[in-house]
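Nothing here was measured: the structure is a model prediction, and the numbers come from that model. Below, each value reflects all heavy atoms present in this structure, side chains not excepted, and no hydrogens, waters or symmetry copies.
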Amino acid sequence: MKHSIPTLHVMRYMGNKQKLLPQIISAVEKHAPPGSIIVDLMAGTHAVGYSLKSQYRIYANDVQKYTLPIGKALLCSDGISVSSEKAKCDLEAFYEENQEKRIANFFQQHYSDTYLSARQCAELDSIRYAIERYREDLPNPDRSDLYLTALISTVCNAQSTPGHFAQFLPPNHQRTQPLRQIRLWSQFLRYADKLGIHQTPSLHPLLLPIEKGSDFRDMLTDQEWSGNANRVFAHSWREFFERKDILEEASEFGLIYVDPPYSQEQYSRFYHFLETLVLLDQPQTRFKARYREGRFMSDFCYRGRVASEFDALLRTTSTVCCCPVLISYGSKGLLPKDRLLEICQRHYEIVQLEEIPYAHSTLGKGNVPDVLELLLSCSRPKNVRASSRHTELQLSRDDQRTA
Ligand SMILES: C[S@@+](CC[C@H](N)C(=O)[O-])C[C@H]1O[C@@H](n2cnc3c(N)ncnc32)[C@H](O)[C@@H]1O
């Protein structure tokens with residue numbers, strides 16, 4: 001490795017690739033020319049895109065909407081800084097207004113004494129209210145995604161849970177009491193400082209190929225964003241490859257990195273609280289853990305569907321793109337290694353497998369020993385092109401299935 005790896009830790013996240021970055025970066029560097037577009041198709045905390053953005057352009061996507069502000073903050077916010085001082089100046093008056101008048105109180109009403117205490121929920125409502133007011137009041141609310149990311153870090157740090165939001169610890173649990181003492185506003189200000197200090201720049205804009213139109217700071221829709229020539233999306237992988245602009249650019253991609261779920265745990269269940277925090281859509285909640293209704297169910301999390309999901313994904317990438325695909329998967333994942341290899345070989349002529357010893361965190365259930373991280377690179381001989389840039393994909397929309 002020629003250079004140190006830029007990292008910015010936002011939250012503990014099931015399956016995050018922070019510790020595997022050296023191997024992932026080496027594999028990407030081996031296959032993709034510098035400056036080309038790397039698609040991080042299931043980007044989660046954006047750890048991979050962040051570590052690559054000084055060498056490549058990043059198109060990052062994930063079906064969960066809470067990943068969007070994190071991606072915007074980590075990949076598209078060069079030249080925008082935050083600090084506790086700026087946060088106080090931008091947000092404190094709105095925060096105090098809500099603390100006093102309780103204009104926004106959804107989290108206090110629905111989550112008091114679950115993942116956070118009633119006081120912490122009230123603080124959360126007020127910080128979220130302040131970010132929204134700041135966003136509404138400005139024509140170009142540059143810092144709001146950095147603030148939302150700092151708030152996600154704050155909540156994840158204060159949650160009294162095993163490390164995710166599928167369940168909360170009982171009030172008398174020895175870990176609950178110290179967590180309940182955390183003041184969210186002070187913690188939030190500390191995370192604003194941390195984000196400001198640790199931001200590293202993207203590939204220098206002057207080194208980039210000329211863009212269509214001006215992509216800097218262009219808000220497109222609430223499911224995508226573009227800045228610093230990086231782009232962030234919140235789609236299922238199928239929807240991502242149904243986009244006309246993506247199909248038009250797909251033959252230019254340098255590499256697609258695929259890091260799907262490998263267990264039956266649905267991310268929409270583990271992180272439902274963050275989805276509601278970002279969407280602010282006041283959903284109906286269900287069960288003791290107060291899950292959102294209508295959450296996305298990924299087919300990678302079903303033993304009976306994961307093989308056909310991989311097959312559909314690789315059929316799509318091999319049809320619309322000519323670049324290599326790099327896949328991360330756990331050796332004890334729902335799909336056995338041999339079947340995964342067989343599916344890769346069905347769609348790509350050259351398939352290479354690297355096996356990396358790696359203790360996966362299961363968030364609360366301890367580390368699983370003897371697990372390998374599989375890193376599969378799938379490519380074609382150099383002269384083979386994707387069948388067409390504008391292939392009409394007949395993708396089934398059965399990933400829209402909801403709980
Ligand atoms: C193993 S995690 C990715 C971790 C990420 N590389 C990181 O370092 O933070 C898997 C991700 O896949 C996403 N996901 C699951 N099914 C998906 C689908 N059908 N389309 C897009 N994203 C999906 C989940 O929301 C989750 O963030």
In terms of ring plane angle, is the pair Y147 and F188 parallel, tilted or perpendicular, where the classes change at 30° and 60°? tilted
Where at least one partner belongs to residues 30-46, residue pairs that pass salt bridge (charged side-chain N to carboxylate O under 4.0 Å, His left out), sequence neighbours excluded: none
Would you call [X]-[Y] a salt bridge at under 4.0 Å N-O?
| X | Y | answer |
| --- | --- | --- |
| E293 | R286 | yes |
| R231 | D245 | yes |
| R57 | E252 | no |
| E342 | K337 | no |
| E239 | R243 | no |
| E248 | K244 | yes |

Got a donor-acceptor contact below 3.5 angstrom from the [X] side chain to the [Y] backbone?
| X | Y | answer |
| --- | --- | --- |
| H272 | S268 | no |
| Q177 | P171 | yes |
| S117 | D113 | no |
| N230 | L75 | yes |
| Y348 | S318 | yes |
| D125 | Q108 | yes |
| S51 | V48 | yes |
| T176 | N172 | no |
| Q55 | S36 | no |
| N61 | L41 | yes |

Hey, does [Y] have a side-chain heavy atom less than 4.5 Å from the side chain of [X]?
| X | Y | answer |
| --- | --- | --- |
| I327 | V325 | yes |
| S298 | V63 | no |
| T67 | T45 | no |
| L326 | L376 | no |
| R135 | R143 | no |
| I246 | F241 | yes |
| L277 | Y66 | no |
| Q167 | P162 | yes |

What is the distance from atom [atom1] of [X] to atom [atom2] of [Y], rounded to the nearest 0.5 Å?
| X | Y | atom1 | atom2 | answer |
| --- | --- | --- | --- | --- |
| C156 | M11 | SG | CE | 4.0 Å |
| T154 | L151 | OG1 | CG | 5.5 Å |
| I131 | I127 | CD1 | CD1 | 7.0 Å |
| L247 | E242 | CG | CD | 8.5 Å |
| F296 | Y267 | CZ | OH | 13.0 Å |
| D90 | R133 | CG | CZ | 13.5 Å |

Does any donor atom in the side chain of [X] or [Y] lie under 3.5 Å from an acceptor atom in the other side chain?
| X | Y | value |
| --- | --- | --- |
| D62 | H235 | no |
| K17 | S328 | no |
| S84 | Y191 | no |
| T285 | R292 | no |
| R269 | Y291 | yes |
| Q99 | E123 | no |
| E249 | Y59 | yes |
| Q159 | T161 | yes |

Suppose we call two aromatic rings close when their centres sit under 6.0 Å apart. Are [X] and [Y] close by that rule?
| X | Y | result |
| --- | --- | --- |
| F165 | Y115 | yes |
| F300 | F310 | yes |
| Y95 | Y129 | no |
| W237 | F240 | no |

Determine, step by step, whether R315 and I343 satisfy the side chain to side chain contact (heavy atoms under 4.5 Å, CB included) criterion, reporting the C-alpha distance in whole Å, the side-chain angles of both residues, the deciding distance to 0.1 Å, and the verdict. CA-CA 9 Å; R315 185 175 334 111; I343 294 168; over 6 Å; no
Given the options F107, F273, F168, L116 meets side chain to side chain contact (heavy atoms under 4.5 Å, CB included) only with F273
Should we say atom CD of Q109 is surrounded by more than 12 heavy atoms from elsewhere, each under 6.0 Å from it? yes
Would you say CZ of R339 has more than 12 non-hydrogen atoms from neighbouring residues, nucleotides or ligands within 6.0 angstrom? no
Looking at every heavy atom in both [X] and [Y], which two are closest together, and how far apart are they?
| X | Y | answer |
| --- | --- | --- |
| S126 | N98 | OG-ND2, 3.0 Å |
| A47 | L21 | O-CD2, 4.0 Å |
| R295 | Q266 | NH1-CB, 4.0 Å |
| A73 | L146 | CB-CD2, 3.7 Å |
| A166 | A289 | O-CB, 3.3 Å |
| S81 | K86 | OG-NZ, 2.7 Å |

Set out, in order, the CA-CA distance, both residues' side-chain angles and the distance that settles side chain to side chain contact (heavy atoms under 4.5 Å, CB included) for E354 and Q23, then state yes or no. CA-CA 9 Å; E354 194 184 340; Q23 290 88 347; 4.1 Å; yes
Could you walk me through whether D311 and H347 pass the side chain to side chain contact (heavy atoms under 4.5 Å, CB included) test, one step at a time? CA-CA 8 Å; D311 185 65; H347 299 286; 2.8 Å; yes
Ring pair (Phe, Tyr, Trp, His ring centres under 6.0 Å) partners of H9, counting only residues at least two apart: none
Candidate pair E132 and E136, rule side chain to side chain contact (heavy atoms under 4.5 Å, CB included), full reasoning: CA-CA 6 Å; E132 216 46 32; E136 282 163 14; 4.1 Å; yes
